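Before any comments, here is the structure.
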Amino acid sequence: MRIAIGSDHGGFQAKAEIIRFLQQEQHAVDDFGTHSAESCDYPDIAHKVAEAVAAGTYDCGILICGTGIGVSIAANKVPGIRAALCNDTYSARMARAHNNSNVLCMGARVLGVGLMEDIVRAYLAGEFEGGRHQRRVDKIEYK
Ligand code: RB5
């Protein structure tokens with residue numbers, strides 16, 4: 001899959017490990033930053049990744065900050081993005097199956113990298129079930 005990834009300083013180290021993991025799994029990954037452990041603002045990175053996914057350049061995005069909360073709130077402001085904060089594998093699978101999520105968010109200060117890898121694996125393997133879930137996903141867009 002083509003994956004856009006990004007983090008703030010809180011997720012910087014974990015992002016490097018997740019990129020390595022994704023490459024080992026034969027995915028094509030583009031890193032949208034941050035590129036150092038220096039403090040930065042998570043909305044800047046979240047919007048870049050979300051815009052790239054919304055533009056159709058990537059199959060999905062992965063965002064990491066301290067809790068995963070800030071990046072998920074920011075990414076969900078971009079039209080067409082359904083960012084899901086998943087700190088467990090069941091939520092990751094269901095975010096795809098029921099919510100047709102296109103951006104996975106995780107908290108590096110909440111999770112260890114081993115669990116983050118399992119969550120990424122569950123998310124990428126998840127498939128949207130459509131049907132009644134499509135109707136609900138269509139209703140998410142607030143008019
Ligand atoms: C940065 O200290 C922290 O606030 C950020 O990584 C994230 O957890 C925000 O939601």
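None of these values were measured; they are calculated from a predicted model. We count ligands from 1, going down the list as the structure has it; atoms in each ligand are counted the same way.
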Tyr42 N/O under 3.5 Å from ligand 1 N/O: no

Asp8 and ligand 1 - part of the residue with a heavy-atom distance under 4.0 Å: side chain

Minimum side-chain heavy-atom gap His133-Asn100 below 4.5 Å: no

Residues which pass salt bridge (charged side-chain N to carboxylate O under 4.0 Å, His left out) with Arg109, listed by chain and number, not counting sequence neighbours: none

Side chains of Leu104 and Cys86 in contact at under 4.5 Å (non-hydrogen atoms): yes

Per-atom contacts, ligand 1 versus Gly66 - under 4.0 Å to a heavy atom: 5 (C), 6 (O), 7 (C), 8 (O)

Atom 10 (O) of ligand 1: nearest protein contact (heavy atom, Å): Gly70 N, 2.9 Å

Pairing of Arg135 and Asp138 as salt bridge, 4.0 angstrom limit: no

Protein contact for atom 8 (O) of ligand 1 (heavy atom, distance under 4.0 Å): yes

Numbered atoms of ligand 1 (with element) below 4.0 Å of His9, judged on heavy atoms: 1 (C), 2 (O)

Other residues, nucleotides, ligands: >12 heavy atoms within 6.0 Å of Glu25 CD: yes

Atom 3 (C) of ligand 1 - nearest protein heavy atom and its distance: Arg109 NH1, 3.8 Å

Sub-3.5 Å N/O-N/O distance, Cys65 and ligand 1: no

Same cluster (ILVMFWY, side-chain, under 4.5 Å), Val120 and Val29: yes

What side-chain donor-acceptor pairs closer than 3.5 Å can you find for residues 37-57, not counting sequence neighbours?
residue	atom	partner	partner atom	Å
His47	ND1	Pro43	O	3.3
His47	NE2	Ala74	O	3.3

Geometric N/O contact Gly68 with ligand 1, under 3.5 angstrom: no

